[in-house]
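Below is one structure, written out as structure tokens; comments come after it.
Just so it is clear, the structure is predicted and the values come from calculations on it, not from any experiment. Values below: all heavy atoms of this structure, side chains included; hydrogens, waters and symmetry mates excluded.
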Amino acid sequence: MTEPTTDAITGATPAGVTLTDSAVRRIGEILHAEPDGAMLRVSVEGGGCSGFQYRFDLARERAEDDVVLARDGAVVLIDPVSMQYMAGARIDFVDDLIGASFKIDNPVASASCGCGTSFTI
């Protein structure tokens, strides 16, 4: 199984998905509390108030065609179908007065809902 190369500094994959330092730290914290080999799977599925929604799951296995972002203990998997909807996206973790959550800045999305978890193309 071959993994796509990632830029050691930015964490960018060939499709341009990046992880912010804040996301890397939070993902690392989450995975550290899980059994060895745990990874975070980010996917896009139909639904939500805008047509598509992001899903975050813990995974123990990865598919051969998954795109893998790995940096400083954070391992993120994205399947090829979801990658089509996330090309050039930036995955961030925001902790502010209204709460803490992962936020995806997605240039493919033409609009998103107020909660930030669903989007339209």
Donor-acceptor pair, side chain of Arg60 and main chain of Pro35, under 3.5 angstrom
yes
Side-chain (Arg71) to main-chain (Leu19) donor-acceptor, under 3.5 angstrom:
yes
Measuring only between side-chain heavy atoms, which start at C-beta, is [X] closer than 4.5 Å to [Y]?
| X | Y | result |
| --- | --- | --- |
| Phe56 | Ile30 | no |
| Met83 | Val17 | yes |
| Val68 | Leu77 | yes |
| Tyr54 | Asn106 | yes |
| Val76 | Ile27 | yes |

By side chain to side chain contact (heavy atoms under 4.5 Å, CB included), which residues pair with [X], not counting sequence neighbours?
| X | result |
| --- | --- |
| Asp36 | none |
| Ala33 | none |
| Asp79 | Arg41, Ser43, Asp66, Val81, Ser82 |

List in chain and number order the residues that pass salt bridge (charged side-chain N to carboxylate O under 4.0 Å, His left out) with Glu29, two or more places apart in sequence or in another chain; answer none if no residue qualifies.
Arg26
Who passes salt bridge (charged side-chain N to carboxylate O under 4.0 Å, His left out) against Asp57, sequence neighbours left out?
Arg55
I need the minimum non-hydrogen distance between [X] and [Y], along with the two atoms involved.
| X | Y | answer |
| --- | --- | --- |
| Ala23 | Ile91 | CB-O, 3.4 Å |
| Ala87 | Pro107 | O-CG, 3.5 Å |
| Leu31 | Gly73 | CD1-O, 3.8 Å |
| Asp95 | Ala100 | OD1-CB, 3.6 Å |
| Phe93 | Ser22 | O-OG, 2.7 Å |

Approximate separation, where rounding is to 0.5 Å, of Met86 CE and Asp105 CG
11.0 Å
Would you give the length of the straight line joining atom CD of Glu45 to atom CD of Gln53, rounded to the nearest 0.5 angstrom?
5.0 Å
Under 30°, 30 to 60°, or over 60°: which ring-plane class applies to Tyr85 and Phe52, parallel, tilted or perpendicular?
tilted
Does Met39 form a side chain to side chain contact (heavy atoms under 4.5 Å, CB included) with Leu58? I'd like the steps, not just the answer.
CA-CA 6 Å; Met39 298 164 276; Leu58 292 174; over 6 Å; no
Name all pairs fulfilling the salt bridge (charged side-chain N to carboxylate O under 4.0 Å, His left out) condition that reach into residues 82-92, sequence neighbours left out, sorted by first residue then second.
Arg90-Asp92
